[in-house]
Amino acid sequence: MGLVNEETNERYKGLIEKLSEAEVEKLKGNSNFTFAWNEEQGALVYKLMIKGKKEILGLVSVADIREEFRLHINLLEASKKHRGKGIKNIPGCLLAFVCRASFRKGYGGFVSLLPKTYLIDYYQKNYGFVQVGRQLAIFGNNSKVLVGKFLEDEEV
């Protein structure tokens, strides 16, 4: 996985795991994250950690929109400690994970999200998303590129 210490350039193996409903509830009031993650009960919520460590580096909440053959990202957040410093590529690893999950479900890497306006350009330039109405989406080859870049030796 493409997790890198910004100061030392040391690379880390990452681990992404699904959170249980109880673990999601425990995120209520967690000062490391801004969003109300406990309100994501019922959605698929995943945490990103460095393999062998307990610290949660980032979180992503995903909805499976089966009738449209896509996964939709409800929320995505890096911990406050690692925003712009510390460990880099947290959002990229989480986005690539969702893209890979979309391929595995037979959705062709189709992933959507509804970003805050000021983040539209960021997702387009850094991750290859395209604007589709009010939402941003990634699919096909752009999703494969993201998986290859951030999950490295992982296969789609």
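For the numbers below, each heavy atom of this structure counts, side chains included, while hydrogens, waters and symmetry mates do not.
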Test side-chain contact (heavy atoms from CB on, under 4.5 Å) applied to P115 - qualifying residues, sequence neighbours left out:
L113, L119, I120, Y123, L136
K80 atom NZ: more than 12 heavy-atom contacts under 6.0 Å
yes
K85, NZ: over 12 other non-hydrogen atoms inside 6.0 angstrom
yes
Could you give the side-chain donor-acceptor pairs of residues 27-37 under 3.5 Å, partners two or more places apart or in another chain?
residue	atom	partner	partner atom	Å
N30	OD1	N32	N	2.8
T34	OG1	E77	OE2	3.3
T34	OG1	R83	NH1	3.4
T34	OG1	R83	NH2	3.3
W37	NE1	E77	OE1	2.7

Do other residues, nucleotides or ligands put more than 12 heavy atoms under 6.0 Å from the NZ atom of K18?
yes
Between the CZ atom in F103 and the CZ atom in F139, the distance rounded to the nearest 0.5 Å is 10.5 Å
Excluding sequence neighbours, so at least two apart, what forms side chain to side chain donor-acceptor pair (under 3.5 Å) with D64?
K105, Y107
Side-chain donor/acceptor pairs under 3.5 Å, residues 54-61, sequence neighbours excluded:
residue	atom	partner	partner atom	Å
E55	OE2	H82	NE2	2.9
S61	OG	E40	OE1	2.4
S61	OG	N74	ND2	3.2

Kindly indicate whether the side chain of L95, heavy atoms from C-beta on, has any atom under 4.5 Å from the side chain of I73.
yes
Between G14 and L48, the two heavy atoms sitting closest are CA-CD1, 4.5 Å
V132: what forms a side-chain contact (heavy atoms from CB on, under 4.5 Å) with it, not counting sequence neighbours?
V130, A137
Classify the ring geometry of Y127 against F150: parallel below 30°, tilted from 30° to 60°, perpendicular beyond 60°.
tilted
Who passes side-chain contact (heavy atoms from CB on, under 4.5 Å) against E10, sequence neighbours left out?
N5, T8, Y12
Which heavy atom of S143 sits nearest a heavy atom of C99, and at what distance?
OG-SG, 3.6 Å
With L71, the side-chain contact (heavy atoms from CB on, under 4.5 Å) member among L44, V98, I65
V98
With sequence neighbours left out, write down each residue that passes salt bridge (Lys or Arg N to Asp or Glu O under 4.0 Å) with E68, or none if nothing qualifies.
R70
Taking every heavy atom of H72 against every heavy atom of S112, the minimum-distance pair comes out as ND1-OG, 2.7 Å
List in chain and number order the residues that pass salt bridge (Lys or Arg N to Asp or Glu O under 4.0 Å) with K125, two or more places apart in sequence or in another chain; answer none if no residue qualifies.
D121
Which residues pass the side-chain contact (heavy atoms from CB on, under 4.5 Å) test with F97, not counting sequence neighbours?
I16, Y46, R100
Can you tell me how far apart CG (L94) and CG (L75) are? Round to the nearest 0.5 Å.
12.0 Å
For E25, enumerate each residue passing the salt bridge (Lys or Arg N to Asp or Glu O under 4.0 Å) test, keeping only those at least two apart in sequence or located in another chain.
none
